[in-house]
K.L.:
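Below are the structure tokens for one structure; questions will follow.
Since the model is a prediction, treat every value here as computed from it, not as a measurement.
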Amino acid sequence: MSKTFVAMLIAFLHITSGAVEVRFEKLTEGVYVHVGDIGGRTPLNEALNANIGLVLTPGGAVLIDSGATHLSARDIDQAARRLADQPIRWVINTGGQDHRWLGNSYFQAQGAELIAHASAVPDMRARGGDQLQNDAFIDPVSPRLLTLPDGWEDRMRLISRNGIKAFFLDANDAAISKYTRGAPNDVRWIQAGIRAGLIDLDAVVHRLPSTRFLDEDEARATRQRVALDRDTFASR
């Protein structure tokens with residue numbers, strides 16, 4: 001199989017946190033909405049490309065749809081508590097799509113009552129097995145788009161599932177590419193990986209000299225970002 005693409009596992013992002021920012025916007029008094037990405041499900045949005053509703057009541061909060069993963073459900077809960085320090089007492093599922101109900105267990109474990117639309121229940125039962133079994137999303141990109149150190153191809157991990165073979169970047173090589181880009185979501189991805197023990201900053205530093213940057217300015221900026229994280233995490 002030709003290594004003409006590089007893929008990053010959503011599973012890595014599930015282990016980490018902060019990859020997606022949930023932000024509730026006020027519609028009217030006590031009623032809020034998080035507007036999800038308008039594109040498809042990706043590792044960066046944790047498959048949360050749906051709108052999520054929140055209604056605050058004297059008896060507790062009502063959540064409309066619970067997200068696609070345990071971590072996105074946690075992000076939703078944290079965003080709701082930033083608005084009001086009250087528990088989510090009820091979760092309403094409006095459909096059987098994964099991003100509308102796979103976060104249920106997170107809220108149920110905290111005592112929330114689950115309420116599903118009548119037409120959603122048979123859809124959940126029909127598709128739930130596949131949704132839970134297929135626990136990895138693949139985000140393929142050309143290696144020509146990435147800044148990677150020498151030897152990255154030899155460090156790729158082969159994963160086979162259901163007759164499909166895919167190669168995945170080593171996390172430290174992926175981190176170098178993200179340090180180079182330096183966008184806020186890349187920084188959150190890297191730092192979450194460091195906290196989870198999936199990214200080794202010593203390995204990143206060791207590979208920087210063999211990385212082919214666009215120019216010296218890009219190389220300098222990347223080294224500065226890596227050095228900042230080394231200082232930050234060394235002090236913890």
K.L.:
Applying the side-chain contact (heavy atoms from CB on, under 4.5 Å) test to Leu148, which of Leu169, Thr180, Thr211 qualifies?
P.N.:
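For Leu148, the side-chain contact (heavy atoms from CB on, under 4.5 Å) check succeeds only for Leu169.
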K.L.:
What verdict does the side-chain contact (heavy atoms from CB on, under 4.5 Å) test give for Phe168 and Leu158, after you've listed the backbone C-alpha separation in whole Å, the side-chain angles of each residue and the deciding distance to 0.1 Å?
P.N.:
CA-CA 6 Å; Phe168 295 87; Leu158 171 63; over 6 Å; no
K.L.:
Using every non-hydrogen atom in the two residues, find where Lys26 and Tyr32 come nearest and quote the distance to one decimal.
P.N.:
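Minimum heavy-atom separation between Lys26 and Tyr32: CA-CD2, 3.4 Å.
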K.L.:
Minimum heavy-atom separation for Phe24 to Ile52, with atom names?
P.N.:
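The answer is CE2-O, 3.6 Å.
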K.L.:
Taking Thr28 for the side chain and Val31 for the main chain, is one N or O donor matched with an acceptor at less than 3.5 Å?
P.N.:
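Pair absent, no side-chain N/O of Thr28 close to backbone of Val31.
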K.L.:
Starting at CD1 of Ile92, measure out to CG of Leu63 and round the result to the nearest 0.5 Å.
P.N.:
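Separation between the atoms: 8.5 Å.
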K.L.:
So how far is it from His34 NE2 to Ile64 CD1, rounded to the nearest 0.5 Å?
P.N.:
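Nearest 0.5 Å value for the NE2-CD1 distance: 14.0 Å.
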K.L.:
Going from OG1 on Thr147 to CG on Leu214, what distance comes out if it is rounded to the nearest 0.5 angstrom?
P.N.:
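One gets 7.5 Å once the value is rounded to the nearest 0.5 Å.
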K.L.:
Any heavy-atom pair between the side chains of Asn104 and Val91 that's under 4.5 Å?
P.N.:
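Heavy-atom side-chain distance check passes, below 4.5 Å.
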K.L.:
Between Ile76 and Ser66, which heavy-atom pair has the shortest distance, and what is it?
P.N.:
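Nearest pair, atom of Ile76 first, then Ser66: CD1-O, 3.6 Å.
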K.L.:
Apply the test side-chain contact (heavy atoms from CB on, under 4.5 Å) to residues Thr222 and Leu208: give CA-CA distance (whole Å), side-chain angles for both, the deciding distance (0.1 Å), then the verdict.
P.N.:
CA-CA 9 Å; Thr222 301; Leu208 284 177; 4.1 Å; yes
K.L.:
Which atoms form the tightest heavy-atom contact between Arg155 and Asp150, and what is the distance?
P.N.:
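For Arg155 and Asp150, the tightest heavy-atom pair comes out as NH2-O, 3.1 Å.
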K.L.:
Under 3.5 Å, is there a donor-acceptor pair between the side chain of Arg212 and the main chain of Pro149?
P.N.:
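Judged by distance alone, no pair lies under 3.5 Å.
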K.L.:
Taking it one step at a time, do Val187 and Gln191 satisfy side-chain contact (heavy atoms from CB on, under 4.5 Å)?
P.N.:
CA-CA 6 Å; Val187 173; Gln191 293 180 349; 3.5 Å; yes
K.L.:
Report the distance from atom CG of Asp65 to atom CG of Asn51, rounding to the nearest 0.5 Å.
P.N.:
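That separation rounds to 9.0 Å.
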K.L.:
If you look at every heavy atom in Trp189 and Lys178, which pair is closest and at what distance?
P.N.:
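Minimum heavy-atom contact is CE3-CD, 3.1 Å.
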K.L.:
Which value, rounded to the nearest 0.5 Å, describes the distance between Arg225 atom CZ and Asp186 atom CG?
P.N.:
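Atom-to-atom, Arg225:CZ and Asp186:CG are 9.0 Å apart.
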K.L.:
Could you tell me whether Arg207 and Asp170 make a salt bridge, using a distance below 4.0 angstrom between a side-chain N and a carboxylate O?
P.N.:
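Salt bridge flag = yes for Asp170 with Arg207.
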K.L.:
I'd like to know if Val22 and Leu56 are part of one continuous hydrophobic network [Ile/Leu/Val/Met/Phe/Trp/Tyr, side-chain heavy atoms within less than 4.5 Å].
P.N.:
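Yes, one cluster joins them.
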K.L.:
Is there a side-chain contact between Val205 and Arg230, using heavy atoms and a 4.5 Å cut-off?
P.N.:
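They are in side-chain contact.
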K.L.:
For a quick check under 3.5 Å, do Tyr106 and Asp77 share a side-chain donor-acceptor pair by atom type?
P.N.:
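The answer is yes; a qualifying pair exists.
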K.L.:
Please answer: with hydrophobic residues joined when any side-chain heavy atoms are less than 4.5 Å apart, are Leu114 and Ile88 in the same cluster?
P.N.:
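Yes, one cluster joins them.
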K.L.:
Among Asp229, Ile190, Ile199, find the residue that satisfies the side-chain contact (heavy atoms from CB on, under 4.5 Å) test when tested with Val204.
P.N.:
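Only one of Asp229, Ile190, Ile199 forms a side-chain contact (heavy atoms from CB on, under 4.5 Å) with Val204, namely Ile199.
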K.L.:
Do the non-hydrogen side-chain atoms of Pro87 and Arg81 ever get within less than 4.5 Å of each other?
P.N.:
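They are in contact (side-chain heavy atoms under 4.5 Å apart), so the answer is yes.
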K.L.:
Under 6.0 Å from the CG atom of Asp85, do we count more than 12 heavy atoms belonging to anything else shown?
P.N.:
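Counting other residues, nucleotides and ligands, CG of Asp85 stays at 12 neighbours or fewer.
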K.L.:
Quick check: is Phe233 connected to Val226 through a chain of hydrophobic side chains (ILVMFWY, heavy atoms under 4.5 Å apart)?
P.N.:
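Linked, Val226 and Phe233 end up in one cluster.
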K.L.:
When rounded to the nearest 0.5 angstrom, what is the spacing between CD1 in Ile115 and CG in Asn93?
P.N.:
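Ile115 CD1 to Asn93 CG: 9.0 Å, rounded to 0.5 Å.
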K.L.:
Is it true that Glu216 and Arg223 make a salt bridge, defined as a side-chain N closer than 4.0 Å to a carboxylate O?
P.N.:
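Yes.
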K.L.:
Answer yes if Phe213 and Tyr179 sit in the same cluster of Ile, Leu, Val, Met, Phe, Trp and Tyr residues linked by side chain heavy atoms under 4.5 Å apart, and no otherwise.
P.N.:
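Looking at the clustering, Tyr179 is in the same group as Phe213.
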K.L.:
What is the minimum heavy-atom distance between Leu102 and Ala68, and which atoms define it?
P.N.:
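Taking every non-hydrogen atom into account, CB-O, 3.3 Å.
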